[in-house]
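The shown structure was predicted, so the numbers you read here are calculated from the model rather than taken from an experiment.
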Amino acid sequence: MAYNPDKELKLYYSISEVAQMFNVTETLLRYWEKEFKNIHPKKANRNIRQYTKDDIEEVRAVYHLVKEKGMTLEGARRVLKNSKDGTSKVSEVSDRLKIIRADLVSIKKELDSMF
């Protein structure tokens, strides 16, 4: 795997970059911004949104609850209000499990091709 220094050192991400990360539209991100007060990217010149890593983690939590778990916006708001740390941990575990699953599928394919 090649090292990408920009990935680790980047302080701000544009709305289009964040939309690509989660495979959602910029319009949806703007909507979530209105619905979830914990998502509040900095607005630079000409109202250009600049998302920090913390903002992206907030988007990740909302994405996990709404898109992956199928919760309503109201349900997601309640969960985030009641359990900020628990939700981000669940999201992290979910992401790790997806990576592990992909690795296992790859290993299985390799083993199948050997026999």
Side-chain angles (χ1 to χ4, degrees):
M1 178 184 335
Y3 175 70
N4 182 354
D6 294 334
K7 253 329 189 196
E8 296 300 319
L9 299 177
K10 196 164 185 177
L11 295 176
Y12 297 105
Y13 296 83
S14 70
I15 191 169
S16 62
E17 289 173 312
V18 177
Q20 285 177 348
M21 286 178 196
F22 295 99
N23 196 27
V24 299
T25 63
E26 293 175 23
T27 304
L28 181 61
L29 288 176
R30 287 186 205 97
Y31 179 70
W32 283 354
E33 207 178 298
K34 291 176 187 169
E35 294 294 317
F36 296 91
K37 300 302 178 203
N38 52 339
I39 300 173
H40 48 81
K42 177 182 168 188
K43 292 186 182 172
N45 301 351
R46 300 177 311 195
N47 253 0
I48 296 173
R49 288 164 172 79
Q50 296 180 321
Y51 288 79
T52 63
K53 290 181 182 179
D54 289 339
D55 294 321
I56 293 170
E57 285 307 311
E58 297 293 342
V59 170
R60 183 183 315 281
V62 171
Y63 180 87
H64 174 71
L65 293 172
V66 174
K67 294 291 190 178
E68 294 178 338
K69 291 189 94 176
M71 297 182 81
T72 63
L73 295 181
E74 182 58 36
R77 266 194 294 276
R78 267 191 306 233
V79 169
L80 290 172
K81 182 179 179 184
N82 293 334
S83 176
K84 174 69 178 116
D85 291 335
T87 303
S88 62
K89 287 180 184 173
V90 167
S91 179
E92 288 174 24
V93 169
S94 177
D95 290 344
R96 286 184 192 154
L97 287 173
K98 286 177 186 174
I99 292 168
I100 291 169
R101 183 182 189 284
D103 289 345
L104 289 172
V105 167
S106 174
I107 291 169
K108 183 182 182 313
K109 284 181 183 177
E110 285 184 40
L111 288 173
D112 288 346
S113 70
M114 293 176 142
F115 299 106

Go through the structure and list residues passing salt bridge (Lys or Arg N to Asp or Glu O under 4.0 Å) with [X], not counting sequence neighbours.
X	answer
Lys98	Glu68
Asp112	Lys108
Arg77	Glu35, Glu74

Atom [atom1] of [X] and atom [atom2] of [Y]: how far apart are they, to the nearest 0.5 Å?
X	Y	atom1	atom2	result
Glu17	Gln50	CD	CD	10.5 Å
Glu58	Ile39	CD	CD1	7.0 Å
Lys34	Leu73	NZ	CG	13.0 Å

Glu33/Lys43 salt bridge by N-O under 4.0 Å criterion: yes

Taking only residues two or more places apart in sequence, or in another chain, which ones meet Lys37 in a side-chain contact (heavy atoms from CB on, under 4.5 Å)? none

Quick one: side-chain contact (heavy atoms from CB on, under 4.5 Å) partners of Lys109, sequence neighbours excluded? Val105

Would you please name every residue forming a side-chain hydrogen bond (donor to acceptor under 3.5 Å, both in side chains) with Lys42, sequence neighbours left out? none

Would Lys53 and Lys10 count as a side chain to side chain contact (heavy atoms under 4.5 Å, CB included) here? Give the steps. CA-CA 9 Å; Lys53 290 181 182 179; Lys10 196 164 185 177; 5.8 Å; no

Less than 3.5 Å apart, any donor N or O on the side chain of Asp55 or Thr52 sitting next to an acceptor on the other? yes

What closest approach, in Å, do Tyr63 and Trp32 show between heavy atoms, and which atom pair accounts for it? CA-CH2, 3.8 Å

Output the rest of the hydrophobic cluster of Ile100: all Ile, Leu, Val, Met, Phe, Trp and Tyr residues reachable through side-chain heavy-atom contacts under 4.5 Å, sorted by chain and number. Leu104

What pairs of donor and acceptor atoms, side-chain ones from residues 21-31 against any protein atom, are under 3.5 angstrom apart with sequence neighbours left out?
{"residue": "Thr25", "atom": "OG1", "partner": "Leu28", "partner atom": "N", "Å": "3.0"}
{"residue": "Glu26", "atom": "OE1", "partner": "Arg30", "partner atom": "NH2", "Å": "3.4"}

